[in-house]
Protein chains: 2
Amino acid sequence: MCSMASGNTIAEVAGLIGDPARANMLSALMGGQALTAGELARVARITAQTASGHLAKMLAAGLLAVERQGRHRYYRLASPDVAEAMQALMALAAGAPRRHHPVGPRDMALRRARTCYDHMAGRLAIALSDALVARGYVVMADGAALVTDAGRDAFQRFGLDLKDAHATRRPLCRTCLDWSERRPHLAGRLGAGLLARSVALGWVAPVPHSRALTVTPAGDDGLHHAFGLPADWRREDAG
Amino acid sequence: MCSMASGNTIAEVAGLIGDPARANMLSALMGGQALTAGELARVARITAQTASGHLAKMLAAGLLAVERQGRHRYYRLASPDVAEAMQALMALAAGAPRRHHPVGPRDMALRRARTCYDHMAGRLAIALSDALVARGYVVMADGAALVTDAGRDAFQRFGLDLKDAHATRRPLCRTCLDWSERRPHLAGRLGAGLLARSVALGWVAPVPHSRALTVTPAGDDGLHHAFGLPADWRREDAG
DNA sequence: CGCATGTTTCGGCCGGCGCCGAAATGACCG
DNA sequence: CGGTCATTTCGGCGCCGGCCGAAACATGCG
């Protein structure tokens, strides 16, 4: 059961990525979002049993990591190194149009704050996650995240009722690898609730036709007081 | 005959690298050195005809570039992007031991001056090539290099007799892609002679058990007077 | 020109692997 | 405990592609 990720050859690793179905799955995971085996099968347009075989191989090779959640299995890229290799291969496949590192002005906005499906990502999400941990509202340990009692109270005051946990199968709180920051941020129902409520309060506003988010002055203030978000979260090396 | 390097898929590129024979050839080319089809076949431990097929595929995909020289064909990596992708895959295959970028103090010495087979590489070699071109001793144009008459005299004074050119089949002067500087430097018999004579004169000294080279004060002086090597060639952005 | 060497093309063999259908396992649910 | 759903395992089919032998260019040399 030991994943034995160290004894690989370049050819083995590249060969794994070199299958269209597997490459599609890996590309789908490049967003940092963890996806279930079924979702990945749909992305790759293959049957579930074929996808299962592919996922097992990539798992054994150390390209992917998995965590079980009920009868689902969430697969994600095992490490930022995998994402880096994928990026390098993409650059190669695209015919090498870029010359310098991919940090345009528009990308800067995305790196600062953006949506990742239904929750926040980017430096904002990282800083917020860190602040919540620092205040003892959330504890994070190797890929898992839990809401403390103090956190439940704080989120209640914020306007989030996390009590009706059993109404949905979605996990209350889990982590999601942040693509630009290479660190996990909060996802799950808590992450979604934080974003939805922040938007409702006018604290953050989605930029039209983009995944970028703007944090309003009221948001800076509110997030600071409610969760201890540091004032300098916009800095490159915040956190 | 247009190489059509832009229409590739990630899976296609990765699939090409994902064959043991091809991966070995690409690894052998990672030094920046251009190798012949036969040498690459030997590296990959396959017959020449099999290697030829592999090389043609990688050429068509834009991973490799080739230049003919007599009845040899020198293959090299088509671009630094290819080397970058290979590096990312190596890091993955090795099991991701490193955390930050690979520029340690020891690597700095290698980037400054090192041997590449039998000639010089690194910033020293780049600066020296530039100086030779600036003085009109050598002309370089798209991958080829030639020694001028003035150059022949200068090298003669330096102690290199390049007259017995036909004794060996090795090209007198050709370029070699410098891995750390991403620019071509001088190789061939001229490059080998420059290194050998410099060592003999005590101008440069190989560091034991390493490919690194040390340039002595006498070497700084001698290379400056003989070939116009600028005094500040050690600077990061020299050239 | 004939020979040697480096490289490519052609043809055929064969193993590996991606694919799916069927069925087993495990988890949730009433 | 049966029913459903997500996932995995098993078995077998089909084909892509790597491999080599033989032969055909291409180049250099005497």
Side-chain angles (χ1 to χ4, degrees), chain A residues 1 3 9-26 34-61 64-76 165-172, chain B residues 1 3 9-26 34-61 64-76 164-172 174:
Chain A
M1 191 57 69
S3 66
T9 307
I10 300 177
E12 288 168 354
V13 175
L16 282 175
I17 308 178
D19 175 82
R22 287 192 292 255
N24 281 335
M25 296 195 231
L26 289 168
L35 299 175
T36 68
E39 289 171 317
L40 289 168
R42 238 168 292 128
V43 164
R45 304 183 165 277
I46 53 180
T47 62
Q49 58 274 32
T50 303
S52 176
H54 287 312
L55 291 171
K57 283 178 188 171
M58 293 193 280
L59 197 61
L64 297 185
V66 67
E67 41 199 301
R68 313 179 51 148
Q69 214 145 88
R71 50 187 169 187
H72 296 275
R73 291 198 183 175
Y74 284 93
Y75 287 89
R76 61 180 171 81
H166 311 295
T168 168
R169 286 168 189 165
R170 185 172 183 198
L172 170 61
Chain B
M1 194 56 66
S3 67
T9 307
I10 300 177
E12 288 168 353
V13 176
L16 281 175
I17 308 178
D19 176 83
R22 286 191 292 255
N24 282 335
M25 296 196 231
L26 289 169
L35 298 175
T36 68
E39 290 172 318
L40 289 168
R42 237 167 294 127
V43 163
R45 305 183 164 274
I46 52 181
T47 61
Q49 58 271 36
T50 303
S52 176
H54 287 312
L55 292 171
K57 283 178 188 172
M58 293 193 280
L59 197 61
L64 297 184
V66 67
E67 43 198 300
R68 311 179 51 148
Q69 212 150 87
R71 51 186 169 186
H72 296 275
R73 292 201 182 173
Y74 283 93
Y75 287 89
R76 58 180 173 81
D164 49 352
H166 311 294
T168 169
R169 286 169 188 163
R170 184 172 184 197
L172 171 60
R174 65 189 180 81

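In what follows, every chain begins at residue 1, and chains take the letters A, B, ... in the order their sequences are listed. Computed from a predicted structure; not experimentally measured. Just the heavy atoms: all of them, side chains too, but no hydrogens, waters or symmetry mates, feed the values below.
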(request) Please state whether the phosphate of D:dC20, meaning OP1 or OP2, lies under 4.0 angstrom from any side-chain nitrogen or oxygen of B:Thr47. (result) yes

(request) Take B:Leu26 and B:Met58, measure what side chain to side chain contact (heavy atoms under 4.5 Å, CB included) needs, and give me the verdict at the end. (result) CA-CA 10 Å; B:Leu26 289 169; B:Met58 293 193 280; 3.9 Å; yes

(message) What's A:Ala37 touching, base or sugar-phosphate or nothing? Going by heavy atoms closer than 4.0 Å.
(response) sugar-phosphate

(message) When you measure from the side-chain N and O atoms of A:Ser52 to the phosphate of D:dT7, is any distance below 4.0 Å, counting only OP1 and OP2?
(response) no

(message) Could you check whether any side-chain N or O of B:Arg73 sits under 3.5 Å from a backbone N or O of B:Ala37, counting only pairs where one atom can act as donor and the other as acceptor?
(response) no

(request) Mind calculating the distance between OH (B:Tyr74) and C1' (C:dT7) to the nearest angstrom? (result) 14 Å

(request) Could you tell me whether the side chain of B:Thr9 and the main chain of B:Glu12 form a donor-acceptor pair under 3.5 Å? (result) no

(message) For a 4.5 angstrom cut-off between non-hydrogen side-chain atoms, does A:His54 reach A:Asn24?
(response) no

(request) Using atom CZ of B:Arg73 as one end and atom P of C:dT8 as the other, report the distance to the nearest whole Å. (result) 5 Å

(request) Rounded off to whole Å, could you give me the CE-to-P distance for the A:Met25 and D:dT7 pair? (result) 12 Å

(request) Search all heavy atoms of B:Leu64 against all heavy atoms of B:Leu59 and return the closest pair with its distance. (result) O-CD1, 3.2 Å

(request) May I have the distance from B:Gln49 (atom CD) to D:dG17 (atom P), rounded to whole angstrom? (result) 19 Å

(message) Just the rounded figure in Å: distance from P of C:dG16 to CG of B:Asp19.
(response) 14 Å

(request) Measure from the side chain of A:His72, starting at C-beta and using heavy atoms only, and say which of D:dC19, D:dA6, C:dC19 lies closest. (result) D:dA6

(request) Establish, with yes or no, whether the OP1 or OP2 oxygen of D:dC19 is under 4.0 angstrom from a side-chain nitrogen or oxygen of B:His54. (result) yes

(request) Give A:Arg45 one of three labels, base, sugar-phosphate or nothing, depending on what nucleic acid heavy atoms sit under 4.0 Å from its own. (result) nothing

(request) Would you indicate, yes or no, if C:dT8 has its OP1 or OP2 atom less than 4.0 angstrom from a side-chain nitrogen or oxygen of B:Tyr75? (result) yes

(request) Report yes if at least one side-chain N or O of A:Arg71 is closer than 4.0 Å to OP1 or OP2 of C:dT25; otherwise report no. (result) no

(message) Between B:Arg68 and C:dT7, is there a contact of a side-chain N or O with OP1 or OP2 at under 4.0 Å?
(response) no

(message) What is the distance, to the nearest angstrom, from the CD1 atom on A:Ile46 to the C1' atom on D:dT8?
(response) 14 Å

(message) Any side-chain N or O of A:Lys57 below 4.0 angstrom from OP1/OP2 of C:dG18?
(response) yes

(message) Rounding to an integer number of Å, can you tell me how far A:Glu39 CD sits from D:dA6 C1'?
(response) 11 Å

(message) Without decimals, in angstroms, what is the distance between B:Leu55 CG and C:dT9 P?
(response) 11 Å

